[in-house]
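Each remark here refers to the structure printed beneath this line.
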Amino acid sequence: MNLKSLAQQLGISETTVSRALNGYPEVSERTRQRVLAAAEEFGYRPNPMARSLASGRTNVVGIIHPLSPNDLADPMFMQIVDGMVEALEERQMDLIMAPVSPVNELRAYEHMVKERRVDGLIVGRTHLYDERIAYLAKQGLPFIAHGRTSVNEPHAWFDYDNEAGMRIAVEHLLAHGHQRIGLISAPLDMNFARQRFASFGKAMQAAGLSQNPRHLIENTNDRRSGYLAMQKILGSETPPSAVIVDNH
DNA sequence: CGTTTCGTCCTTCGGTTATT
DNA sequence: AATAACCGAAGGACGAAACG
């Protein structure tokens, strides 16, 4: 069932059917309802290929993800995906998630852009200087970054207030009387980790406390490295009385 | 008579396939 | 080898019938 035959069934023109389905104003409400009902009845679905051809859009938003085995069991990640899907569904758009090996990540972005497979991209886990964002900004493909970066091109992003979050965490521990505080960080080339690390140092300094380098472990990004980091901290000669972990 | 609603006609999209 | 037709839909320009 395509647009043409649907129009024939209804005895009205293709244009009117198209207008009715796509929310154009110059269609009476009664006709619109008739069209919608018929579309439902005959199970009409616009051919996505043809639609893309005509509109130049794919109605797909993508996220390229260097997949590690942990991700699919990661409730935080799934929560984010869930939010994206919810927003896209409202607009009848799809999300495609492209798992990719870390070495191929930039190539995957080029693939998406050059072959116009998506209308837009979401870029997660931003780096201090993020080549992916530099690339996308140059190409002009719409995207939004989850996290900041030092790339200069103007672009949309959303992020948490890492500076404030870490300061609050430190102040919380200070208020409980802790003086020796450790920090387990994600790799510091990740922007969020760097910001939190810097904020930690600032908050400790503001409290007049010195940081013990042995209590600062970076480069943890999974269960195992986190476990090892904590072991290392607790095994030091004067272990901290509290530890902040910057990553779930 | 002015507005609303719908139709006709035409172009466009990017690539494949059939026809000159 | 060049050209045209075609796929299915979007959408703009314009005209006309229906309506209050």
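All figures in this text were calculated on a predicted structure; none of them were measured in a lab. Below, each value reflects all heavy atoms present in this structure, side chains not excepted, and no hydrogens, waters or symmetry copies. Every chain is numbered from 1 and lettered A, B, ... according to where its sequence line falls, protein lines coming before strand lines.
Note: CE (Met49(A)) to P (dA10(C)) measures 15 Å, nearest angstrom. Distance, Lys4(A) NZ to dA9(C) P: 10 Å, rounded to whole Å. Counting to the nearest Å, the P atom of dT12(B) and the CG atom of Leu53(A) are 13 Å from each other. Atom CZ in Arg19(A) sits about 9 Å away from atom P in dC6(B), given to the nearest Å. Glu29(A) has its CD atom 9 Å from the P atom of dT5(B), to the nearest Å. In this structure, the CD atom of Glu26(A) is 13 Å from the C1' atom of dC14(C), given to the nearest Å. Rounded to whole angstrom, the span from the CZ atom of Arg117(A) across to the C1' atom of dG14(B) amounts to 15 Å. One interatomic measurement links the two molecules: CG of Leu3(A) to P of dG8(C), which rounds to 11 Å at whole-angstrom precision.
Arg224(A) and Asp222(A) are not joined by a salt bridge, as no carboxylate oxygen comes within less than 4.0 angstrom of a charged side-chain nitrogen.
Of the candidates Lys202(A), Arg148(A), Arg194(A), Lys202(A) is the only one forming a salt bridge (charged side-chain N to carboxylate O under 4.0 Å, His left out) with Glu163(A).
Across dA10(C), dT8(B), dA9(C), the shortest atom-to-atom separation from the side chain of Thr15(A) is found for dT8(B). Nearest to the side-chain atoms of Asn47(A) among the listed nucleotides dT8(B), dG8(C), dT5(B) stands dG8(C).
Listed pair Tyr44(A) / dA9(C) meets the phosphate criterion, a side-chain N or O lying under 4.0 Å from OP1 or OP2. Close to dA10(C), at under 4.0 Å from its OP1 or OP2, lies a side-chain N or O of Ser18(A).
A donor-acceptor contact under 3.5 angstrom links the side chains of Ser28(A) and Thr31(A), judged on distance only. Of the N and O atoms on the side chains of Thr126(A) and Asn191(A), not one donor lies less than 3.5 Å from an acceptor on the other residue.
A distance below 6.0 Å separates the ring centres of His146(A) and Tyr160(A).
Using a 4.0 Å heavy-atom cutoff across all strands shown, Ser28(A) reaches sugar-phosphate atoms only and no base atom. Across all strands shown, Arg116(A) has heavy atoms under 4.0 Å from sugar-phosphate atoms exclusively, and none from any base.
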